[in-house]
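Below: the structure, in structure tokens.
A, B, ... follow the sequence lines: proteins, then strands. Residue 1 opens every chain.
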Amino acid sequence: MNMLDGLNPMQREAVIHKDGPLLLLAGAGSGKTRVLTHRIAYLIHEHQVNPYHILALTFTNKAANEMRERVDGIVGYGSEMIWVSTFHSTCVRILRRYIDHLGYERNFTIYDADDQKTLMRDICKYLNIDTKKYNERSFISTISHAKDELKDASKYRSEVESDYGKRIFADVYTEYEKRLKNNNALDFDDLIMKTVLLLRKSEEVLTYYQSRFRYLLVDEYQDTNTAQFILLSLLAKANRNLCVVGDDDQSIYKFRGANIYNILNFESIFPDAKVIRLEQNYRSTGNILEAANGVIRHNKMRKEKTLWTAAEEGEPLSYIQYPNEYEEANGIVHSIRRKARKDGTSYDSFAVLYRTNAQSRIFEEKFIYEGIPYRIVGAINFYARKEIKDLLAYLKTIENSNDDISVKRIINVPKRGIGLTTIDRISVYSIEHEVSFYEALQNIDYISGCGRAAPKIKSFVALMEALKNHEEDSGRSLTDLINEITDETGYVRELENEGTEEAAARLENIAELKNKITHYEESETENPTLSELLENIALVADIDTLDNNSEQVLLMTLHTAKGLEFPYVYLCGMEESVFPGAMAIYQGDEAEIEEERRLCYVGITRAMKKLTLTSAIQRMKNGDLHRNQPSRFLNEIPRFLLAKEAKEAPKKQKKAEYSPEKASIFHTGKKNPFAGNPYIQKGIKGSEPDYGVGDSVRHTKFGTGTVLTMNKLKDDYEIVIEFENFGQRKLRSSFAKLSKV
DNA sequence: GAAGGCGGTCTTTTT
DNA sequence: GACCGCCTTC
């Protein structure tokens, strides 16, 4: 097969390019994965690059797996030697091999957000910090951002020295860093930062990876943070074969440290970079694309570009305003069912996208009620469930008993009668004697005040030691180990005795965990280890477990939807202070709004055939009722995409009163009711028409016609008109701006 | 030491 | 409206 077949000229150029930096500005749906995979194949087959020298980096495992599959499909022999993986997994792989250069042990534990929080709570307690004044989250995010910028605690401290108010952050960071080190644990940000540190520290390791990775390809480049950029620079320094693919318009991870200047300034950092733009979209209809362009055009900080398509206009977009979030969910669920029933569209062709996870709950209720298969992606990760985390903490303790967070998590789970007082005393001892919490447990006889708890502690230690021995007994499997844990600890028994529905659900989850472990052991790798199992678990996101063709409607946030596409997309909650979110509006920072707008652009461009936007006039938020104006982004969608009529500026309309049962629907052929600005009109109710059946009327676009029927709705009229030049049209009187002639 | 109740707080997005 | 921490009670 010719690797250039079916590629457009721009794509072809990108595939052929061999050496030197390459920036691919690839708009949504422009076939970038296709370009990347073909490029890899071309490097191997035409440029005789050894597959062993190629590294392709993505952000999610899902993207990595997909790329892997497609690369395997076109490269054939040798494709397994190509390293395709996420930033985080790549770093873990490097660190597992060399982290001893940094004074860590190779069996380090990876802390997730939950573990971080627990650790931070401990630290605040230890440092006597009033968590009412400073919350743990602000510390965590400060530290995280520092790490994104490769600043360790001492660097951070020196930077904020002059700022007295920030000293406490430096103190917390210092302690946090120390604890992680003592626990032989790394958080997510460390994975990148420590790898950079390692490569900077050891010439030998750096040279090794530089000569291994001669061709680098990076997907979703706009999401990289400074640390990741430095990592790439280090790796690419020797050969300068760095190909990055990204779209600044889809940069939506600023809060996670993504540095948009990585892509905006790529050409000034690599002056010899070749830049190729992919602007032809192969995903969406013309209307959808035009809407997306219309919205993103309002951003000032961007590389100018316009997506275009050879596809036809397709269906117009719909905007529907509902009285509240219940009606919104109801309307969307019904619309999906109607469509599915009408022409047998599979449920996996639909996606409901929202700004915040909290919005998913009502939809979930509705989908259950209507018996429509659905899946919520993201909200609660399977591995974040309490029972799963508990069992994983056992496994983590077995793997790395220096991990105090895990040991403390399970020491009294299930209940062993070891209370907080005892735990505190042991903590104090462990800090004073600079030993791990687990070691302190082993020294329980020397800790004063623990007399009564001592036997319980001893039996816990004995239990853990027995489990550890089991693990070292190489003849036995991880499945055996997890079974032994659930049996010996009495964890399962306790749940079984509870007999509640909730306990039953937890038991089911535990069974599921066991399945996953068995599955890992039997099929994932040749040499399964506990360490690798834990690592796989730590690095999967919910989205990674998504399989296509699941016959389920997918519900997810706009963030998790990035990189996916669906024939029918419902973008809900299009209201000011929901989307764009209150935070962005309140901060009054245009950059924040621009980030939200990019998110909107991402959402719109997920749709292939039809996009439906919805909003609610009022909704419950944080426990109280809010009335929000429709989102400004709706107003940025060119009017004619929602309505075929748009000449005169709309009259200010009176605030309409709403009753729960009425939802106003703007479909094709009706005037966009919220044209004008800056805020969109809430009301859409028209006044009584001054014409009747049989009258001659004039329409601004369709010209003159005769009213055939008038159908009274709740507070509008549905009118069928026979136009002289446009035939029969069904219109709403409130939008159509008809005048009697 | 455990369990249940109360009140305050904070709400974006995630590898 | 959810969660967390704190308090009370047993």
**OP:** Using a 4.0 Å heavy-atom cut-off across all strands, classify A/N135 as base, sugar-phosphate, or nothing.
**Re:** sugar-phosphate
Subject >> Whether A/F87 stacks on the six-membered ring of B/dT15 base, 5.5 Å and 30° limits >> reply: no
**OP:** Nearest-nucleotide wise, let me know which of A/F59 and A/A584 is further upstream toward the 5' end of DNA chain B.
**Re:** A/A584
**OP:** Starting at atom CD of A/Q359, determine the distance to atom C1' of C/dA2, rounded to an integer number of angstrom.
**Re:** 16 Å
**OP:** Would you please confirm or rule out a distance under 4.0 Å between OP1 or OP2 of B/dA3 and any side-chain N or O of A/K415?
**Re:** yes
**OP:** Find which nucleotide of DNA chain B each of A/E595 and A/R416 is nearest to by heavy atoms, and output the residue with the more 5' nucleotide.
**Re:** A/R416
Original post:
Quick one: A/N225 CG to B/dT14 C1', roughly how many Å, whole number?
Top reply: 12 Å
Which atom pairs link the protein and nucleotides 3-5 of chain C when you take only N or O atoms and keep those under 3.5 Å?
residue : atom : partner : partner atom : Å
C/dG5   : OP1  : A/R121  : NE           : 3.0
C/dG5   : OP1  : A/R121  : NH1          : 2.8

Original post:
Rounding to a whole Å, what distance do you find between A/D223:CG and B/dT14:C1'?
Top reply: 11 Å
Original post:
Once you round it to whole Å, what is the distance between P of B/dT15 and CD1 of A/I252?
Top reply: 11 Å
**OP:** Can you sort out the partners of A/F108 under ring-ring contact (aromatic ring centres under 6.0 Å, His included), two or more places apart, ordered by chain and number?
**Re:** none
**OP:** Verify the ring-centre separation between A/F266 and A/Y261: is it less than 6.0 angstrom?
**Re:** no
Original post:
Is there a donor-acceptor pair closer than 3.5 Å between any side-chain N or O of A/K621 and the backbone N or O of A/S577?
Top reply: yes
**OP:** Measure centre to centre between the rings of A/Y156 and A/F169, then say whether the value is under 6.0 Å.
**Re:** no
Original post:
According to the interplanar angle, ranging from 0 to 90°, do the rings of A/Y374 and A/F367 count as parallel (below 30°), tilted (30 to 60°) or perpendicular (above 60°)?
Top reply: parallel
Original post:
Hey, does A/N412 reach any base, or is it just sugar-phosphate, or nothing, if we go heavy atoms under 4.0 Å?
Top reply: sugar-phosphate
Subject >> Integer-rounded Å distance: C/dG1 P and A/I362 CD1 >> reply: 8 Å
**OP:** Would you please confirm or rule out a distance under 4.0 Å between OP1 or OP2 of B/dT13 and any side-chain N or O of A/N357?
**Re:** yes
Original post:
To the nearest Å, how far apart are A/Q116 CD and B/dT14 P?
Top reply: 15 Å
Subject >> Interatomic distance where NE2 belongs to A/H626 and P belongs to C/dG1 [whole Å] >> reply: 13 Å
Original post:
Rounded to the nearest 0.5 Å, how far does CG of A/N259 lie from CD1 of A/I263?
Top reply: 11.0 Å
Original post:
With centres under 5.5 Å and planes under 30° as the test, does A/F255 stack with B/dT13?
Top reply: yes
Original post:
Can the ring centroids of A/F59 and A/H88 be said to lie less than 6.0 angstrom from one another?
Top reply: no
**OP:** Have a look at A/R361 and say if it touches a base, only the backbone sugar-phosphate, or nothing, with a 4.0 Å heavy-atom cut-off.
**Re:** sugar-phosphate
Subject >> Interatomic distance where NZ belongs to A/K621 and C1' belongs to C/dG1 [whole Å] >> reply: 13 Å
Original post:
If you measure from the C1' atom in B/dT13 to the same atom in C/dC4, how many Å do you get, rounded?
Top reply: 22 Å
Subject >> Residue among A/N357, A/L564, A/L555, A/L554 satisfying side chain to side chain contact (heavy atoms under 4.5 Å, CB included) with A/V377 >> reply: A/L554
Original post:
Within the structure, does a side-chain N or O atom of A/T557 lie under 4.0 Å from either OP1 or OP2 of B/dT14?
Top reply: yes
